[in-house]
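Notes to accompany the following structure.
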Protein chains: 2
Amino acid sequence: MSRTLANVAYSTDEKQLANFAKAMGHPVRIQILKLLNAQACCYTGDLTESIPLAQSTISQHLKVLKDAGLIQGEILPPKVKYCLNQDNWTAAGRLFKEIFDFSLSESPAKSCSSDE
Amino acid sequence: MSRTLANVAYSTDEKQLANFAKAMGHPVRIQILKLLNAQACCYTGDLTESIPLAQSTISQHLKVLKDAGLIQGEILPPKVKYCLNQDNWTAAGRLFKEIFDFSLSESPAKSCSSDE
DNA sequence: GGAGTTTATCGTGAATTTACGATAAACTCC
DNA sequence: GGAGTTTATCGTAAATTCACGATAAACTCC
């Protein structure tokens with residue numbers, strides 16, 4: 001950490017949105033989210049069957065999604081059942097909607113205007 | 001690359017969405033996108049003023065956003081004016097809307113049902 | 001208690017990301 | 001042509017990511 005503040009104070013929303021986006025920044029994790037979205041829940045084993053990656057790799061991706069708060073795991077021995085974390089999933093959807101919808105609510109022209 | 005295919009064939013949409021999400025996976029880049037969204041366009045210099053990071057760092061973040069297709073730069077010597085890439089921005093918005101809205105269009109109960 | 005099942009964690013290596021300062025590139029204006 | 005302005009790129013170092021195999025942990029069932 002040098003003189004320029006690497007510890008900038010971003011707004012909570014910006015951090016949250018970036019956090020969610022980062023977790024979604026891999027095609028395998030998108031696939032997992034889509035699967036969970038489509039069929040409510042599933043086990044790690046189900047994923048290792050439909051995704052041709054090592055079991056440890058998939059477990060790692062699940063951890064990323066869990067750490068970001070997008071999914072949650074219910075331990076149900078000897079398996080673990082994963083579902084979307086509905087609260088955070090909804091929150092993420094709202095944040096994305098917010099940033100994308102903003103463009104629509106503004107003036108439609110949106111030309112590059114002011115130069116200095 | 002070993003025997004398990006690291007070169008899995010993801011759907012184009014999944015790759016696109018992951019690509020956009022990854023580019024959005026940093027608070028500074030979210031901030032930049034918000035700024036561009038709010039005021040149509042701006043110059044690199046404007047950003048270096050409002051974001052306390054080295055100019056080279058911000059330029060790098062701009063490159064990430066540009067490579068992902070979310071923004072575009074019009075070179076206007078000696079400055080460069082950045083705007084959202086409206087087409088891709090809209091496409092990204094649609095992809096995010098798609099994956100998040102899916103949950104809403106489905107059965108509201110969404111309980112963890114089928115166990116094997 | 002031992003065998004089997006399922007999943008997370010550890011250790012590792014290659015690649016990518018993030019930040020910086022320094023430098024080059026492109027162009028204007030005197 | 002030279003000084004000044006603005007921005008991208010290079011080089012670098014530290015940290016993180018992504019994939020793997022091997023191993024440990026947790027629990028069931030015989």
Side-chain angles (χ1 to χ4, degrees), chain A residues 1-8 10 14-15 18-32 36 41-68 71-83 115-116, chain B residues 1-8 10 14-15 18-32 36 41-68 71-83 115-116:
Chain A
M1 305 267 172
S2 47
R3 64 166 231 285
T4 49
L5 31 154
N7 41 357
V8 190
Y10 305 114
E14 276 164 4
K15 271 188 293 189
N19 175 52
F20 289 139
K22 189 172 188 179
M24 292 176 73
H26 192 292
V28 163
R29 295 199 288 266
I30 293 292
Q31 215 175 346
I32 292 173
L36 291 183
C41 293
C42 64
Y43 302 97
T44 309
D46 302 342
L47 296 170
T48 60
E49 273 174 38
S50 61
I51 300 174
L53 287 177
Q55 177 263 325
S56 56
T57 303
I58 292 175
S59 187
Q60 207 169 250
H61 281 299
L62 287 169
K63 182 170 162 51
V64 172
L65 290 171
K66 199 171 64 179
D67 287 349
I71 68 174
Q72 60 195 17
E74 179 190 357
I75 166 168
L76 209 64
K79 300 182 174 186
V80 176
K81 186 157 66 173
Y82 281 102
C83 312
D115 32 340
E116 327 172 6
Chain B
M1 303 273 171
S2 48
R3 63 168 232 284
T4 48
L5 31 155
N7 42 356
V8 190
Y10 304 115
E14 276 164 3
K15 270 188 294 189
N19 176 53
F20 289 138
K22 190 172 188 179
M24 294 175 72
H26 192 291
V28 164
R29 296 199 288 268
I30 293 291
Q31 216 175 343
I32 293 174
L36 291 183
C41 293
C42 65
Y43 302 97
T44 309
D46 301 342
L47 297 169
T48 61
E49 273 174 38
S50 63
I51 300 173
L53 286 176
Q55 177 265 325
S56 57
T57 303
I58 291 175
S59 187
Q60 208 169 251
H61 280 300
L62 287 169
K63 183 171 161 50
V64 171
L65 290 171
K66 199 171 65 179
D67 287 350
I71 68 174
Q72 60 194 18
E74 180 190 357
I75 165 168
L76 209 64
K79 301 181 171 185
V80 175
K81 185 159 66 174
Y82 282 102
C83 313
D115 34 338
E116 328 172 5

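Throughout, a chain's letter reflects where its sequence line sits, starting with A, and its residues are numbered from 1.
With distances taken from any side-chain atom of A/Ala54 to the nucleotides D/dT5, D/dC20, C/dA8, the minimum falls on D/dC20. Out of D/dT6, D/dC20, C/dA19, the shortest distance to the side chain of B/Pro78 is found at D/dT6.
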Practice task
Check the pair A/Lys79, A/Thr44 against side-chain contact (heavy atoms from CB on, under 4.5 Å), reporting the backbone distance first and the verdict last.
Solution key: CA-CA 8 Å; A/Lys79 300 182 174 186; A/Thr44 309; over 6 Å; no
Handout entry: Chi angles and distances behind the side-chain contact (heavy atoms from CB on, under 4.5 Å) call for B/Ile32, B/Ile51
Key = CA-CA 9 Å; B/Ile32 293 174; B/Ile51 300 173; 4.0 Å; yes
Handout entry: Residues B/Cys83, B/Leu36; criterion side-chain contact (heavy atoms from CB on, under 4.5 Å); working and verdict
Key = CA-CA 6 Å; B/Cys83 313; B/Leu36 291 183; 5.8 Å; no
Handout entry: side-chain contact (heavy atoms from CB on, under 4.5 Å) evaluation trace for A/Leu65 with A/His61
Key = CA-CA 6 Å; A/Leu65 290 171; A/His61 281 299; 5.6 Å; no
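To the nearest angstrom, P of C/dT9 lies 16 Å from CD1 of A/Ile58. When rounded to the nearest whole Å, the span between OH of A/Tyr43 and C1' of C/dA8 equals 17 Å. In this structure, the CZ atom of A/Arg29 is 12 Å from the C1' atom of D/dT16, given to the nearest Å. The distance from atom CG of A/Asp67 to atom C1' of C/dA8 is 12 Å, rounded to the nearest whole Å. Whole-Å rounding puts the A/Lys81 NZ to D/dA26 C1' distance at 18 Å. Between B/Leu76 atom CG and C/dT28 atom P there is a gap of 10 Å when expressed in whole angstrom units. Distance A/His61 NE2 to C/dT7 P: 17 Å, rounded to the nearest Å. Taking atom CG of B/Leu47 as the reference point, atom C1' of D/dT6 lies 13 Å away to the nearest angstrom.
In this structure, CE on B/Met24 lies 10.5 Å from CZ on B/Arg29, to the nearest 0.5 angstrom. With rounding to the nearest 0.5 angstrom, the CD1 atom of B/Ile30 is 12.0 Å from the NZ atom of A/Lys22.
Distances shown here put a side-chain N or O of B/Lys22 below 4.0 Å from the OP1 or OP2 atom of C/dT17. For the pair B/Ser59 and D/dA8, the criterion of a side-chain N or O lying under 4.0 Å from OP1 or OP2 is met. Of the side-chain N and O atoms in B/Thr57, one or more sit less than 4.0 angstrom from OP1 or OP2 of C/dC20. An OP1 or OP2 oxygen of C/dA8 is reached within less than 4.0 angstrom by a side-chain nitrogen or oxygen of A/Thr44. The shortest distance between the side-chain N/O atoms of B/His26 and the OP1/OP2 oxygens of C/dA19 is below 4.0 Å.
Nearest-nucleotide mapping onto DNA chain D: of A/Val64 and A/Gln55, the residue sitting toward the 5' end is A/Val64. In this structure, B/Lys63 and A/Ser56 both approach DNA chain D, and ranking their closest nucleotides by distance from the 5' end singles out B/Lys63.
Minimum interatomic distance between B/Pro27 and A/Ala18 (heavy atoms only, all atoms of both residues): N-CB, 3.4 Å.
Checked by distance alone, A/Gln60 brings a side-chain donor or acceptor within 3.5 Å of a matching partner on the base of D/dA19.
Where DNA chain C pairs in unbroken runs of 3 or more (Watson-Crick or G-U, both distances under 3.5 Å), the stems are C:1-30 with D:1-30.
Counting only residues at least two apart or in different chains, salt bridge (Lys or Arg N to Asp or Glu O under 4.0 Å) contacts with residues 51-66 of chain A comprise A/Lys63-A/Asp67.
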